[in-house]
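For reference, the structure discussed in these notes is given below.
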Amino acid sequence: MANKTDLLRGTLDLLILQTLTLGPNHGLGISRRIGQITKGAFDVRAGSLFPALHRLEERGWLSSSWGDSENNRKARYYEMTAAGRQQLRAETDNWDRVALAITRALKAT
Amino acid sequence: MGILRRLVCTTRNLVRGTHLDRDLDHELRAYVEMLTDEKVAAGAAPERARREALLESGGLEQVKEQVRATRTGALLEQFVQDVRYTLRGLRRAPAFTTTVIVMLALGIGANTALLSVIDALLLRPLPLANPHQLAAVYRGPSGTQAAFSYPDYTELVSQTQVLAGAAAWGTNTGWMRSGGDLERVNVHLVSPNYLAVLGVTPQLGGSFVAEPEAASVGQVILSDNTWRTRFNADPLVSGRQVTLGGQAMTIAGVAPASFVGLDAATPADAWITFSTLALLEPEWQFRAPNEIWLRVIVRVQDDISVPAAESVLQAAGTRIASAAPPQFASALRLVPASSALFDPTVRAASSRLARLVAGVAALVLLIACANVANLLVVRASSRRRELGVRLAIGASRGRVARQMVTESLVLGAAGCAAALLVASWTIEAVTALAPASVIPPGVTVALDLRIGLFAAGLSFAVALLCGLVPAWQASRVDLLPVVKGTTPNDASAGMGVMSLRRGLVVIQVALSAVLLVGAGLFIRTLGAALSVEPGYDIDRVLLTTVDFGAAGMKPPTVPGTGERILSEVRVIPGVDAAAFGHIVPFSGAFVARPAAPETESMSADDEDRFLVPYAVVSHDYFRTLGMRLRGRDFTPADSPQAPRVMIINETLAQRHWPGQDALGKRMQLSAAPGPLYEVIGVVPDGKYVSLTEAQHPYMYLPWGQSPRPRMTLHVRAAGSPSALAAPVRAAVRAANPDVPALAPRTLRDYVDRSTGSQRVVARLLFIFGGIALAVAAVGVYGLTAYTVAQRRKELGVRVALGARPGDLVRLLVSQSLLLVGLGLAVGTGAALLLARLVATMLFGVTGSDPLSFAAGAGLLALTTLIAALIPARRATRVDPLGALRAD
């Protein structure tokens, strides 16, 4: 395992927000989902995940609450807020623009 | 993130920190549990699954730390943490903490106090409107002549093209009666526009009402102090009547609290205008051109600078000078009058003194800083292990350095608080002890915000500066040696530090030597002065000055009224004797007349050679003061019609009639032909002006034959003289209510005041000598302790090879004592030189007094010896094996 690619902070935020579009999830679940939707390209460890989650929550893009997990354990669930949804849209647009520009630059001779 | 949200998050994180940490803990544990479950579900054993889960998550504590670091306000939270940690650490090292705070307090406190004094005297603007537009007018290029006549003043008033206004003022004293009590007050005599030109608004009532040249009822404006003490801060005081100089006048208003006139040496108790002055002194032609008594203050126009105005006024200056006597210069000078001491001569003297004291204070601060820096270096090196451990378990170097800077800040804050305390005490002491020539009574010295900020800034700057180098050095600690358990001696840094510390100890010892020797000299001076026999019973006499002239009495009627007062006073229980004398001993007052034996010829040019100080006294004077009289005392029979008589002291008697009896001899008291005075009595010598004066001749004349308008009532008490103060005042009033009397003082009080400056100097040198001694002792102690710590291994080797404890002690102490010896040599030399400068202030000792030098040097040597012995002795208890191993 262990693709220890360093994720840029902003990209991690984007990924977290994306995974939560489907609904609330807890820390481990979010990490697994990110691995899923990126087809295993990124494996987010606790050391990067939790600081990012708490930072997003402070900014008001996520809200958290305690809930029961699959195995009936008490876990902290994160949910995207309306502001978070807006942020996701904005970040996605931004990313598309940047990716397009870089792709063009790389393709140019 | 918006500012508001940031603020909210920071507060929440700080306040609910523990709660959030608990939540985080739960969350992470749940994460690890779920991860473990995953692995177990994938087939791993529970133990192994849990271990792997923990490893993968990277360690719970690490993750928690990372989350905390990204929280908003993490820096602030870390700062708070650092502060708590620092406080714990400082509590564990009380000696270090106390010493640093005391050093900072002394160094910064002294400078802050000095700054307050300089600010109050030379810098702080007067509480007037636009004080920088104000200027006092002087004559002469160096601005030494301040007096003008009324026509001169009018000439200046007319210079409206450069001056927005000109006011004139003069000072005088007078008697004010309110509620039956007569008190002497300082009265400032001012032009009607005085308050307007200065921009002073009375806090009660109004300014002077416009009045014709000669008003019928006078107006007076009271000072805030007078209003509070004599009128009980009565808000309805304006419009009321008060008696000043025997005349009733209306109170026009009360000046604001901060304003006491323009003469700091005689702060005003009341102001009256010239027209009121005309009522009080109808015979004085104060507006005449030959009465040169006014001081002028002007306000320049808005758009002109003071120097520009000054050059324009030179033409007026020439006109003024042409009407003045030749000794008055013609150049006019405008001296900015924005601070309390604006008079150029006074200001120059004050600045000189301020510079001298500032130099000493700066020196004290430097020594304090050097000490603090040293202490911080020592502390940093003793914390190497602790810092190494912190770095090893994951703290960043920045974090460690930040904590050390926090420690400097905490010490700076504590030092600042202590410094402000020291400063306020010093200001109190200085204001109480400084003579009026240094800090005039009209100036109030106080700490204000600007000065407080200066103190804070200085404290933090010093603490940070001193703490920066050790912080930087310490954060460069190598981890490997710490982990291995062996911390190397930082020899290279040690070398520079050692020679710095050695030099510092020498300086401290030298400075202490100077101060201690100085203290010795002045303490002996004070002792010698106090042990002088004054010639009379100082502790039994009460004095009250009675101003017969103020009641309008002419001198010849004084003895008659005086006798009435004496008879009232003599019947008071507890009074042994009472008499009048017109000079109060030790008050500094001094009058002299020529006195030659009748057998000698004295011409008018010779008179100066025969000058003898004298006092006019009533009968019973010598009994009141406890002086033994040979011959007979003055009696009421010694009237203007009777033959002239006098009483002289031994010195005068021996000077003119050595070996003979002076009784019956006669003297002439002026070169012109006149009556001869017969010597009817001789008294032993006494001290008349100061305890340290040389013996000189003195004579007494009877008041019946040479009356004076102001006489001082001397009362001899059977017990304590101060207990008689109230009855004596009452008796004087009962005898004649119109005659005002000053508040009674004891003779002991006058004597003490005359030794005031010697007392102050001795006290100050004693205190500073003590402080310097303590600092030097701490310096020597610290140096020796440091050497012991550095040389542990070597000491261990010596002990292992058979050295006895005594040898070790001798080895360690001798090095420190070498430095002390050097310091003593330098200090003693400096003290000898400096003593020459103050030789005039010494009494009873020479500038090279062996006892003072020996005592000072001896005390210093003894103290530093003990200071070096303490750590040296501790070194002898070093376990040699431990020392050899531990390094």
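Naming convention: chains lettered A, B, ... in sequence-line order (proteins, then strands); numbering from 1 in each chain. Please read all numbers here as calculations on a predicted model, not as lab measurements.
Heavy atoms of B:Gln62 lying under 4.5 Å from chain A are absent altogether. For B:Asp23, the parts lying near chain A are the backbone and the side chain together; criterion is any non-hydrogen pair under 4.5 Å. For B:Arg29, no part sits under 4.5 Å from any heavy atom of chain A, backbone or side chain. Contact annotation for B:Leu24: only side-chain heavy atoms (C-beta onward) come within less than 4.5 Å of a heavy atom of chain A.
Of all non-hydrogen atoms in B:Ser57 and A:Ala46, the two that sit nearest each other are O-CB, 3.6 Å. Between A:Ala75 and B:Ala30, the shortest heavy-atom contact is CA-CB, 4.3 Å.
Within a 6.0 Å radius of CZ in A:Arg85, other residues, nucleotides and ligands contribute more than 12 heavy atoms.
Considering CH2 of A:Trp66 and CD of B:Glu27, their distance stands at 6.0 Å, rounded to 0.5 Å. The CG atom of A:Leu28 sits 11.5 Å away from atom CG of B:Leu28, with the distance rounded to the nearest 0.5 Å. Here the SG-CD distance, from B:Cys9 to A:Glu57, works out to 9.0 Å after rounding to the nearest 0.5 Å. Atom OG1 of B:Thr70 is separated from atom CZ of A:Phe50 by 12.0 Å, given to the nearest 0.5 angstrom.
Within the 4.5 Å cutoff, no side-chain heavy atoms of B:Val67 are placed close to those of A:Arg55. Side-chain contact between A:Glu58 and B:Arg12 is present, with at least one heavy-atom pair separated by less than 4.5 Å. With a 4.5 Å cut-off on side-chain heavy atoms, A:Lys74 and B:His26 do not count as touching. Side-chain contact between B:Tyr31 and A:Arg76 is absent, with no heavy atoms from C-beta onward closer than 4.5 Å.
In summary, A:Arg32 and B:Glu38 engage in a salt bridge, as defined by a charged side-chain N under 4.0 Å from a carboxylate O.
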